[in-house]
A.B. asks: 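If you scroll down you'll find the structure; I have some questions about it.
By convention here, the first residue in the shown sequence is residue 1. Atoms within each ligand, like the ligands themselves, are counted from 1 in listed order.
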Amino acid sequence: MDLGFKGKVAVVTGASKGIGYAVAKEFLKEGATVVISARNEDGVKKAVEELSEFGKIFGYALDGNSQENMNILAEKAASITGSIDAWVNNIGTNKKRSGKFYTEDELDYIISTCYKSCVYGCQAVFPYMKENGGAIVNISSLASHAATAIRSNIYASMKAAVNGYTRTVASEYAPYNIRVNAVLPGYTETPLLMGGFSQNQLNELLRNNILGRLAQPEEIAKPVVFLSSPGASYITASEIEVTGGHVKVLNAWESFVQNK
Ligand SMILES: NC(=O)c1ccc[n+]([C@@H]2O[C@H](COP(=O)([O-])OP(=O)(O)OC[C@H]3O[C@@H](n4cnc5c(N)ncnc54)[C@H](OP(=O)(O)O)[C@@H]3O)[C@@H](O)[C@H]2O)c1
């Protein structure tokens with residue numbers, strides 16, 4: 001299916017690996033010119049080299065936890081055609097706290113990475129979408145609806161803040177023909193997830209997953225790209241769960257045992 005991205009510009013923040021990388025690849029396969037960012041310069045270079053095989057891509061090593069840097073990213077992306085058609089705020093982290101409570105620095109880091117970067121991105125792209133319209137997708141998390149105990153209270157609340165921000169900014173930008181949605185991935189096989197959970201913990205979590213498995217990054221990327229496309233023209237201010245039905249039923253694993 002042609003999603004209508006030929007000749008269009010799409011930006012994905014935090015895209016040197018994981019879900020962002022997969023989103024960038026899907027946009028390229030759809031014919032968009034893609035601009036990505038991440039902090040580590042070598043990581044950005046490697047991603048650009050690998051993804052060039054699928055189309056035209058530019059990468060910038062920038063810390064997205066700053067309005068100034070997001071503005072630079074938007075300016076560079078807009079210099080390609082004069083406007084930006086799709087923008088994905090993907091940056092996020094679930095950094096563990098060092099003790100029982102968060103230090104001020106730990107707290108600030110999670111708030112900036114999960115929430116402020118999303119606000120900065122939405123603000124930075126606005127001048128380049130307001131004439132021709134466009135679509136923004138904010139990558140939230142299943143944790144904003146159903147978090148794991150102990151390890152994710154600030155992460156979960158910041159992702160819930162992303163959901164709330166998405167609804168309100170969708171209303172604010174609607175007069176400019178800009179749609180804004182949130183995608184809530186479930187447990188997805190990326191460096192972030194695999195670095196944070198043991199296999200035993202993941203097996204326990206998957207007992208409550210209707211599909212009984214982790215997502216692959218491409219399975220999150222495809223809905224993100226669809227939501228960014230004209231085919232999703234009546235979808236805005238939505239929270240789209242892409243979770244394999246996680247915690248929609250408890251003990252979902254029993255279906256697999258009984259039906260085999
Ligand atoms: N994986 C999951 O199971 C899962 C589930 C729900 C939601 N999510 C959300 O999905 C998004 C992507 O997660 P992921 O699992 O793909 O993460 P990941 O594997 O850690 O990849 C994160 C990407 O973002 C970049 N990044 C991180 N902080 C940045 C910053 N301050 N400025 C610029 N770039 C930054 C990283 O590169 P550098 O380190 O070089 O900057 C990397 O390219 C996050 O918002 C996460 O919360 C993930």
A.B. asks: Using a 4.0 angstrom limit on heavy atoms, which residues are close to ligand 1?
C.D. replies: G14, A15, S16, K17, G18, I19, A38, R39, N40, L62, D63, G64, N65, N90, I91, G92, I139, S140, S141, Y155, K159, P185, G186, Y187, T188, T190, P191, L192, L193
A.B. asks: Determine yes or no for a side-chain-to-main-chain donor-acceptor pair under 3.5 angstrom, with E30 supplying the side chain and F5 the backbone.
C.D. replies: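 Judged by distance alone, no pair lies under 3.5 Å.
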A.B. asks: I'd like to check L184 versus N163 (side-chain heavy atoms, cut-off strictly below 4.5 Å). Are they in contact?
C.D. replies: yes
A.B. asks: Tell me whether E219 is salt-bridged to R213, with the criterion being a basic N under 4.0 Å from an acidic carboxylate O.
C.D. replies: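 Counted as a salt bridge, because a side-chain N and a carboxylate O are separated by less than 4.0 Å.
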A.B. asks: Partners of E50 by side-chain hydrogen bond (donor to acceptor under 3.5 Å, both in side chains), sequence neighbours excluded?
C.D. replies: Y21, K46
A.B. asks: Is there a donor-acceptor pair under 3.5 Å between the side chain of Y173 and the backbone N or O of C122?
C.D. replies: yes
A.B. asks: Do the side chain of S157 and the main chain of I154 share a donor and acceptor less than 3.5 angstrom apart?
C.D. replies: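 Present.
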